[in-house]
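Okay, structure first, notes after.
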Amino acid sequence: MSNNTLEFSPSTPIPAHLVSQVQSKLAYVDESITAAHVAETGDQITLQLRAPLNKVAAASLNSKIQIVVEMMTKGSFQPKVEVLEDYRDTPVPYDRDPMDELVASGEVSEEETGVFTFGPLFSRLVDYFESRFLELAASFGAQPYRFPTLMSARMLDRVDYFRAFPHSLTFATHLRADLDVINKFAEQASYEDGGLNASSDSFSRVKAVLSPAVCYHLYFSLADRPLPAENMIVTGVGNCFRYESTNLTSLERLWNFTMREVIFIGSKDFVLEQRELAREFMRPIFEELGFAYHVESANDPFFIGEFRKQAAFQNAFQLKYEVRARLPFKDDTLAIGSYNYHQDFFGRNLNITLSDGSPIHTGCAAFGLERTVFAFLSQYGLDQNDWPEVVKEALS
Ligand code: AMP
Ligand code: ZN
């Protein structure tokens with residue numbers, strides 16, 4: 001074991017269903033951590049560190065880790081995972097990590113950690129898969145909307161976002177409108193030691209963050225008034241940002257990615273029915289596209305303090321289902337989309353009502369475009385001869 005590796009035993013073993021969720025949160029525990037691994041058995045945590053730690057620092061890190069494990073696991077019980085579709089056995093021809101080939105062929109280049117430029121083949125596949133998600137939108141007659149990349153911090157506060165997902169936020173700021181500040185910045189700013197070298201009091205207070213999701217924009221635009229119709233179905237695509245810390249190691253998790261959503265607003269029954277129709281509509285499409293995948297109940301990646309309660313709530317009320325594609329090269333799965341029901345959460349917090357005065361219910365079908373392509377290439381590789389007919393034809 002090298003000096004840059006630390007091993008801990010959690011005070012209580014981590015139950016199997018929480019191993020990957022705890023592991024992903026360890027990336028946010030301390031800046032000295034470059035990678036974290038929780039053994040499948042849940043009784044050992046291995047951390048890779050930037051540099052060796054002295055005894056005091058290692059003990060302090062240990063206690064931070066123990067707190068995380070305790071907060072996420074204490075009193076938790078295994079959720080009943082509901083599988084709604086199972087096509088995991090669909091045979092696929094490829095079993096390598098496509099990343100090396102994508103980089104070698106210039107199809108993918110990393111501009112900054114988690115920030116990628118994609119070349120023509122990847123981009124055509126993004127457009128094609130998006131066109132299939134647009135078929136879903138068209139089947140509902142969804143109205144097109146355009147949403148900004150920045151999202152109001154004031155509105156996010158109204159929906160308690162800072163408590164649920166503080167770890168993955170990306171803030172938008174600018175220089176304070178002050179001649180001295182701007183001149184000083186222009187003269188002195190430079191990129192050093194992995195960051196911009198400028199004094200932190202040069203920057204404005206945060207009014208906006210980079211959007212972490214798409215559908216929130218629609219709810220914000222409808223706030224504080226009755227819904228103008230009995231229900232609404234809308235579609236939009238947007239740049240989304242989730243800071244995933246040291247988990248940003250491959251195309252599986254990007255800091256900046258694109259999501260196409262179909263958004264449902266109305267009564268509880270209306271939203272639940274549309275969510276189900278969306279899933280049924282997509283099933284033959286995913287099948288035709290040749291994906292080895294399944295759809296199962298899931299929860300959002302809430303931060304440590306909120307995790308146990310909120311994840312259990314989502315599971316109990318079946319608020320989220322994920323479309324999970326197989327990644328044969330690592331014998332794992334990756335969420336490429338989700339079918340969500342938010343109950344009347346946005347209606348209540350944003351004061352949006354139906355004609356009878358009750359809060360609106362909302363839901364969405366959300367698809368990550370880069371992940372869909374990455375999962376497809378992980379299953380089919382870059383050689384178009386090996387692709388399913390429809391995809392081959394669409395790109396020829
Ligand atoms: P969610 O709202 O978390 O269900 O996200 C919807 C979809 O967006 C997911 O199923 C993924 O396809 C995609 N997505 C979420 N987070 C990321 C990420 N960090 N990088 C790439 N795609 C993501
Ligand atoms: Zn959504």
Side-chain angles (χ1 to χ4, degrees), residues 21 24 27-28 99 108 110 113-116 118 122 126 129-130 133 136-137 142 145 147 151 156 159 161 164-165 167-170 210-222 232-265 271 274-275 278-279 282 286 291 293-303 310-311 314 319-325 327 333-343 345-346 360-376 378:
Q21 317 228 32
S24 70
Y28 302 94
M99 193 60 177
V108 164
E110 189 168 23
T113 307
V115 179
F116 290 88
F118 298 104
F122 201 102
V126 164
F129 289 129
E130 188 177 16
F133 301 137
L136 171 72
Y145 272 61
F147 301 116
M151 185 175 276
L156 275 173
V159 296
Y161 199 88
F165 305 105
H167 54 302
S168 54
L169 283 164
T170 311
L210 296 176
S211 299
V214 172
C215 60
Y216 285 47
H217 287 292
L218 180 65
Y219 313 141
F220 294 164
S221 78
L222 298 166
M232 269 175 102
I233 304 184
V234 164
T235 186
V237 64
N239 254 303
C240 292
F241 302 81
R242 294 185 190 171
Y243 182 67
E244 307 238 8
S245 183
T246 49
N247 300 320
L248 293 166
T249 51
S250 73
L251 290 189
E252 287 165 57
R253 288 172 193 267
L254 309 180
W255 189 357
N256 177 180
F257 59 98
T258 325
M259 212 191 279
R260 164 64 67 179
E261 289 204 31
V262 182
I263 308 162
F264 313 110
I265 301 183
V271 172
Q274 308 314 304
R275 180 177 74 154
R279 189 177 67 74
M282 288 311 296
F286 283 126
F291 276 105
Y293 79 100
H294 71 291
V295 175
E296 70 175 21
S297 51
N299 58 263
D300 281 315
F302 298 102
F303 199 54
Q310 299 254 40
Q314 275 192 323
L319 302 186
K320 188 173 194 81
Y321 291 104
E322 280 181 339
V323 182
R324 300 197 66 92
L327 295 183
T333 60
L334 180 68
I336 58 175
S338 62
Y339 304 110
N340 304 286
Y341 171 46
H342 314 119
Q343 298 175 309
F345 177 80
F346 290 104
I360 59 162
H361 288 241
T362 62
C364 65
F367 303 98
L369 301 184
E370 295 84 355
R371 270 203 194 169
T372 304
V373 173
F374 179 67
F376 176 81
S378 298

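Counting starts at 1 for both ligands and their atoms, in listed order.
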- Query: In Glu261, the N, O or S atom nearest to the Zn ion (ligand 2) is which?
  - Reply: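 The Zn ion (ligand 2) is closest to the Glu261 atom OE1, counting only N, O or S.
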
Minimum-distance protein heavy atom relative to [atom]:
| atom | value |
| --- | --- |
| atom 9 (C) of ligand 1 | Ala335 O, 4.0 Å |
| atom 2 (O) of ligand 1 | Arg242 NH2, 3.2 Å |
| atom 7 (C) of ligand 1 | Gly368 N, 3.9 Å |

Based purely on interatomic distance, does [X] place a nitrogen or oxygen under 3.5 Å from a nitrogen or oxygen of ligand 1?
| X | value |
| --- | --- |
| Glu322 | no |
| Phe367 | no |
| Pro301 | no |
| Lys320 | yes |
| Phe257 | no |

Is [X] touching ligand 1 with its side chain, its backbone, both, or neither, if touching means heavy atoms under 4.0 Å apart?
| X | result |
| --- | --- |
| Glu244 | side chain |
| Glu370 | neither |
| Leu254 | both |

- Message: With rounding to 10 degrees, what does the angle Cys215:SG / the Zn ion (ligand 2) / Cys364:SG come to?
- Response: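 Value returned, to the nearest 10°, is 120°.
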
Which heavy-atom pair separates [X] from [Y] by the least distance, and what is that distance?
| X | Y | answer |
| --- | --- | --- |
| Met259 | Ala213 | CE-CA, 4.5 Å |
| Leu248 | Leu254 | CD2-C, 3.5 Å |
| His167 | Phe302 | CE1-C, 4.1 Å |

- Task: Enumerate the atoms of ligand 1 whose separation from the nearest heavy atom of Gly337 is less than 4.0 angstrom.
- Result: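 Under 4.0 Å from Gly337, ligand 1 has these atoms: 10 (O), 12 (O).
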
- Would you mind running through ligand 1 and noting each atom that sits below 4.0 Å from a heavy atom of Ser338?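 Every atom of ligand 1 under 4.0 Å from some heavy atom of Ser338: 1 (P), 4 (O), 6 (C).
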
- Task: Indicate yes or no: does Glu322 engage Arg324 in a salt bridge with an N to O separation below 4.0 Å.
- Result: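 Result for this pair is yes, salt bridge flagged.
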
- Message: With a 3.5 Å distance limit and no angle check, can you tell me whether Arg371 reaches the backbone of Glu252 through a side-chain donor-acceptor pair?
- Response: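 Between the backbone of Glu252 and the side chain of Arg371 there is a qualifying donor-acceptor contact (under 3.5 Å).
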
- Message: Can you list everything that forms a ring-ring contact (aromatic ring centres under 6.0 Å, His included) with His294? Sequence neighbours excluded, please.
- Response: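 Applying ring-ring contact (aromatic ring centres under 6.0 Å, His included) to His294 gives none.
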
- Message: Restricting to side-chain contact (heavy atoms from CB on, under 4.5 Å), what partner residues turn up for Asn299, sequence neighbours left out?
- Response: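 Residues passing side-chain contact (heavy atoms from CB on, under 4.5 Å) with Asn299: Gln21, Phe307, Ala311, Gln314, Asn315.
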
- Message: Among Phe264, Tyr219, Tyr341, Tyr161, which residue satisfies the ring-ring contact (aromatic ring centres under 6.0 Å, His included) criterion with Phe346?
- Response: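 Checked Phe264, Tyr219, Tyr341, Tyr161 against Phe346; only one passes ring-ring contact (aromatic ring centres under 6.0 Å, His included): Tyr219.
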
- Query: Do the ring planes of Tyr28 and Phe303 sit parallel (below 30°), tilted (30 to 60°) or perpendicular (above 60°)?
  - Reply: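 Ring orientation of Tyr28 relative to Phe303: perpendicular.
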
